[in-house]
Asker: 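Right, I'll just put the structure down here and ask away after.
All figures in this text were calculated on a predicted structure; none of them were measured in a lab.
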Amino acid sequence: QVQLVESGGGLVQAGGSLRLSCAASGRTFSSYVMGWFRQAPGKEREFVVAIRWSDAITYYGDSVKGRFTISRVNAQNTVYLQMNSLKPEDTAVYYCAARRGGTIRIEKDDYAYWGQGTQVTVSS
């Protein structure tokens with residue numbers, strides 16, 4: 001059974017940084033795509049970024065390009081999301097997600113596995 005556990009959220013001032021972690025277990029993830037999504041109050045869950053585990057190919061949402069960086073560490077089965085130059089509009093619950101297969105997708109319905117989420121709050 002796939003399990004995803006996020007950590008690293010918190011409260012930060014605008015312009016600051018946070019690093020989120022997603023610890024994955026229950027599978028060999030070499031044939032998976034790992035994604036980060038976020039959901040602000042009253043809004044739809046939106047795509048942030050994804051990485052293909054096998055070759056670390058990435059795809060970023062427009063709102064985070066140049067500020068966020070996704071990476072994965074094979075030995076730790078962990079995906080990281082480094083978030084720099086944070087803005088108040090980045091405030092949301094951030095979710096780690098996984099989908100089997102090699103194609104990066106940006107729709108949440110394409111991801112079968114989800115973590116419980118971690119809150120990120122950026123104050124102005």
Asker: Do the side chains of Val49 and Phe68 get nearer than 4.5 Å, heavy atoms only?
Answerer: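 Not in contact.
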Asker: Do the side chains of Ile57 and Tyr59 join up, straight or via other hydrophobic residues, at under 4.5 Å, putting them in one cluster?
Answerer: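 Ile57 clusters together with Tyr59.
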Asker: Between Trp36 and Ser21, what is the shortest heavy-atom contact and its length?
Answerer: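 For Trp36 versus Ser21, the nearest heavy atoms are CH2-O, 3.7 Å.
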Asker: Stepwise, does the side chain to side chain contact (heavy atoms under 4.5 Å, CB included) test hold for Leu86 with Leu18?
Answerer: CA-CA 8 Å; Leu86 282 162; Leu18 281 175; 4.2 Å; yes
Asker: Do Val120 and Met83 come within less than 4.5 Å of each other through their side chains, counting heavy atoms only?
Answerer: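 Contact flag for Val120/Met83 side chains = yes.
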Asker: Looking at Tyr80, I'd like to know if its OH atom is crowded, meaning that more than 12 non-hydrogen atoms belonging to other residues, nucleotides or ligands lie closer than 6.0 Å.
Answerer: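 Result for OH/Tyr80: enclosed.
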Asker: Any luck finding a side-chain donor-acceptor pair between Arg38 and Ser63 under 3.5 Å?
Answerer: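 A pair is found: one side chain offers a donor N or O, the other an acceptor, under 3.5 Å apart.
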Asker: Would you say that Gln119 contacts Thr91 through its side chain, given a criterion of any heavy-atom pair below 4.5 Å between the two side chains?
Answerer: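 When only atoms from C-beta onward are counted, Thr91 and Gln119 do touch, with a gap below 4.5 Å.
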Asker: Take Thr69 and Leu81 through the side chain to side chain contact (heavy atoms under 4.5 Å, CB included) test and state the conclusion after the steps.
Answerer: CA-CA 6 Å; Thr69 303; Leu81 180 63; over 6 Å; no
Asker: On the six-membered ring of Tyr95, is Arg45 placed so that its NZ or CZ lies under 6.0 angstrom from the centre and within 45° of the ring axis?
Answerer: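 Judged by the rule (NZ or CZ under 6.0 Å from the ring centre, within 45° of its axis), Arg45 counts as positioned above Tyr95.
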Asker: Is the backbone of Ala24 close enough, under 3.5 Å, to the side chain of Asn77 for a donor and an acceptor to pair up by distance?
Answerer: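 Checking the backbone N and O of Ala24 against the side chain of Asn77, a donor-acceptor pair under 3.5 Å is found.
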Asker: Return the minimal non-hydrogen interatomic distance between Met34 and Trp53, and the atom names on each side.
Answerer: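 Looking at all heavy atoms of both residues, the closest pair is CG-CE3, 3.3 Å.
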Asker: Check for a donor-acceptor pair, side chain of Thr118 on one end and backbone N or O of Gly9 on the other, with a separation under 3.5 Å.
Answerer: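 Yes; at least one donor-acceptor contact below 3.5 Å.
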Asker: Taking all non-hydrogen atoms of both residues into account, name the closest pair between Asp90 and Ser85 and its distance.
Answerer: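 Shortest heavy-atom contact: OD2-O, 4.4 Å.
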Asker: Give a yes-or-no answer on whether the side chains of Arg100 and Tyr32 include a donor-acceptor pair shorter than 3.5 Å.
Answerer: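 No donor-acceptor contact under 3.5 Å links the two side chains.
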Asker: Taking the basic N atoms (NZ, or NE/NH1/NH2) and the acidic carboxylate oxygens, is any pair closer than 4.0 Å for Lys108 and Glu46?
Answerer: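 No, Lys108 and Glu46 are not salt-bridged.
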Asker: Using modelled atom types only, decide if a donor and an acceptor are shared between the side chain of Arg72 and the backbone of Gln76 within a distance under 3.5 Å.
Answerer: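 No, because the side chain of Arg72 does not come within donor-acceptor range (under 3.5 Å) of the backbone of Gln76.
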Asker: Could you go through the side chain to side chain contact (heavy atoms under 4.5 Å, CB included) check for Tyr113 and Arg27 one step at a time?
Answerer: CA-CA 12 Å; Tyr113 306 101; Arg27 290 282 191 280; 4.0 Å; yes
Asker: Taking all non-hydrogen atoms of both residues into account, name the closest pair between Gln116 and Leu4 and its distance.
Answerer: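 So the minimum-distance heavy-atom pair works out to OE1-O, 3.7 Å.
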Asker: Any salt bridge between Asp62 and Lys65, counting N to O under 4.0 Å?
Answerer: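 Result for this pair is yes, salt bridge flagged.
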Asker: Applying side chain to side chain contact (heavy atoms under 4.5 Å, CB included) to Val33 and Thr103, what does each step give before you reach the verdict?
Answerer: CA-CA 7 Å; Val33 169; Thr103 304; 6.0 Å; no
Asker: Indicate if Ile106 and Val93 have the same hydrophobic cluster label, given that clusters are the connected sets of ILVMFWY residues with side-chain heavy-atom separations under 4.5 angstrom.
Answerer: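 Yes; Val93 is reachable from Ile106 via cluster members.
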Asker: On the 0 to 90° scale, with breaks at 30° and 60°, tag the Phe47-Phe37 ring pair as parallel, tilted or perpendicular.
Answerer: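 Perpendicular: the ring planes of Phe47 and Phe37 meet at over 60°.
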Asker: Side-chain contact, heavy-atom cut-off 4.5 Å: Ser17 with Gln82?
Answerer: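 Yes - at least one pair of side-chain heavy atoms lies under 4.5 Å apart.
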Asker: Does Glu6 use its side chain to pair, donor to acceptor, with the backbone of Gly117 at less than 3.5 Å?
Answerer: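 Indeed, once roles are kept as given, a pair shorter than 3.5 Å links the two residues.
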Asker: Where do Ile51 and Ala56 come nearest, in terms of heavy atoms and distance?
Answerer: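 Of all heavy-atom pairs spanning Ile51 and Ala56, the closest is CG1-CA, 3.7 Å.
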Asker: Could you tell me which non-hydrogen atom of Gly35 sits nearest to which non-hydrogen atom of Tyr111, and how far apart they are?
Answerer: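 Closest approach of Gly35 to Tyr111: N-CE2, 4.0 Å.
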Asker: Just so I know, are the side chains of Phe29 and Val2 near enough to count as touching, which here means a heavy-atom distance under 4.5 Å?
Answerer: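 Heavy-atom side-chain distance check passes, below 4.5 Å.
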Asker: Between Tyr60 and Ile104, is there a shared hydrophobic cluster once you connect ILVMFWY residues whose side-chain heavy atoms come closer than 4.5 Å?
Answerer: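 No.
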Asker: So, taking the atom named CG in Asp110 and the one named CZ in Arg99, what distance separates them when rounded to the nearest 0.5 Å?
Answerer: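 Interatomic distance, Asp110 CG to Arg99 CZ, rounded to 0.5 Å: 5.5 Å.
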